[in-house]
Amino acid sequence: MSTENNQTVVVLDFGGQYKELIARRVRECKVHSQILAGNTPIDALKQIAPIGIILTGGPHSVYAADSPHTVKELFEMGIPILGICYGMQLMAYTLGGEVKPCAVSEYGTVSATYDDPTCALFDGLKSETVTLMSHTDYVARVPQGFRGVAHTADCPTAAMCDEARKLYAVQFHPEVERTREGTKLLRNFLYKVCGAKGDYNIDDVIEKQIKAIREQVGDHQVVLGLSGGVDSSVCAAILEKAIPGQLTCIFVDHGMMRKNEGDEIERAFKGKSLNFVRVDAEKRFLGKLAGVTEPERKRKIIGEEFVRVFEEESSKFAGSFLAQGTIYPDVVESGLTTGAVIKSHHNVGGLPKDTKFIGIVEPLRYLFKDEVRALGRRLGLDETLVSRQPFPGPGLAVRCIGEITKERLDILRDADYIYREELAKAGLAYDQFFAVLTDMRTVGVMGDGRTYNYVLGLRAVKTSDFMTCEYAHIPYETLDVVSSRIVNEVKGVSRVVYDITGKPPATIEWE
Ligand code: XMP
């Protein structure tokens, strides 16, 4: 997306799990943000000319051999910098301070005192506050020019600053909700230190995106993979607005959708003023996936097959563009900005080498999910589509652990349907909830007979960012009904378990 007229804050990633949260918080403060690898060259940073830089946390110790480091020049560019957690330690270490292991490590919420109300970060904040800490090292001696400006019972330097050089750092995490007034602190950094104007907003994004799409596409045709999820639906809406008459939406039914979902998607889009094509590719995908159990392989196969089906379907549109609803977290998690792969999202791999498409259009590539939803609402999309819970591109393939067969998918579909139906009946809704068919079988007893069938997992999570989550506390009565209905009505399941793991350490999906 063209952001040439927007002020930008760069978030330099040193392996911190909250890098996206930092970038989102910055955008919530109406300042454009971009995540880059911690070792991004200084020249590249100068070209971006950010108004500020934020150094993320990370799991390392600055003294460990393989820990990511930075260079002194970063701090000599005259750009305001805020170091967070490891970012603070890195700032101290690089500029000649001293970092040491804590006598007492701090994990969780900790009461902190802001000692110096003149420090711009603390402007208008209460001096005693709750912060989220997660560290085993601390800054024992601040570098020359700095002063310590906050402390906790176990950490004498919970924040430091060198106002002359506009360098600031906090040991705690201002980006998480559990740090009270954390967003206010970030806002202070942006507006009182970096001189932010607050020039980033969603209406501008729509306008810029429409202009960018028109420039990129010209008179060519565009083919979009429409899954019916939030991202591809919003993508369709913005493309329809930008290049009316040039858009064909292809819904590839890969046979791994939830129960009845294919028909629902067809009903939702068929009437719209876009060329909607449904392709029944179930046999083809299941054929490719036969015998494959390794999660990353499944994702790769599905991703590649997707593009191939599009190519075939769009062969009548020679020289067309492929549009995708890729969003920023897909890009970041796939390591394309940072180098570390968590999961390869099926829609980020780019075009295969021998493709007939002439390019990719990804209007949402730089947007977070909440921004995509806001965009959808502005574009007038139906609320049921905009607020739909996420469904992974590879579909039930990543919820069907082990081998994928039609029979196993049908078991999963029926169980998942019952689960969703009972939650709806109970008036319960969570940010994401679904069933997972495991590849484990256990012994059961039904009537007088012994059974030996699959274990089915139920997952329901509360999250606002999908980067972290807590498991939902579903009432036992509801779990009772779901479990007994599934075991009684779905042949092939003999046991139901409920997943009580948060993210981290687990992920939301099981694969
Ligand atoms: P994890 O399992 O990584 O999931 O905690 C985070 C969110 O991303 C969704 N997800 C995907 N979405 N393509 C997508 O478009 C994918 O390959 C994919 N894998 C996971 C997941 O459902 C959750 O909302």
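Order of listing sets the numbers, starting from 1, for every ligand and every atom in it.
Figure legend: cation-pi geometry between Arg258 and Phe391, with NZ or CZ positioned under 6.0 Å from the six-membered ring centre and within 45° of its axis.
Which parts of ligand 1 touch Lys503 is read off a 4.0 Å heavy-atom cut-off, strictly below it: atoms 1 (P), 3 (O), 5 (O), 6 (C). If you number the atoms of ligand 1 from 1 as listed, the ones under 4.0 Å from a heavy atom of Thr507 come out as 1 (P), 2 (O), 5 (O).
Close N/O approach between Pro394 and ligand 1 is not found [any backbone or side-chain N/O within under 3.5 Å]. The N/O atoms of Asp330, backbone and side chain alike, include none that comes under 3.5 Å of an N/O atom in ligand 1. Not a single N or O atom of Pro390, backbone or side chain, sits closer than 3.5 Å to an N or O atom of ligand 1.
Residue pairs that meet the side chain to side chain donor-acceptor pair (under 3.5 Å) test with at least one member in residues 395-407, sequence neighbours left out, are Arg399-Glu509, Lys406-Asp410.
Taking each of Phe466, Phe434, Phe391 in turn, the one with a heavy atom nearest to atom 6 (C) of ligand 1 proves to be Phe466.
Residues Leu456 and Val497 have side chains not in contact (no heavy-atom distance under 4.5 Å, counting atoms from C-beta outward). When side chains are defined from C-beta on, Arg299 counts as touching Val398, because their heavy atoms get closer than 4.5 Å.
Between Glu261 and Arg388 there is a salt bridge, with a side-chain nitrogen of the basic residue lying less than 4.0 Å from a carboxylate oxygen of the acidic one.
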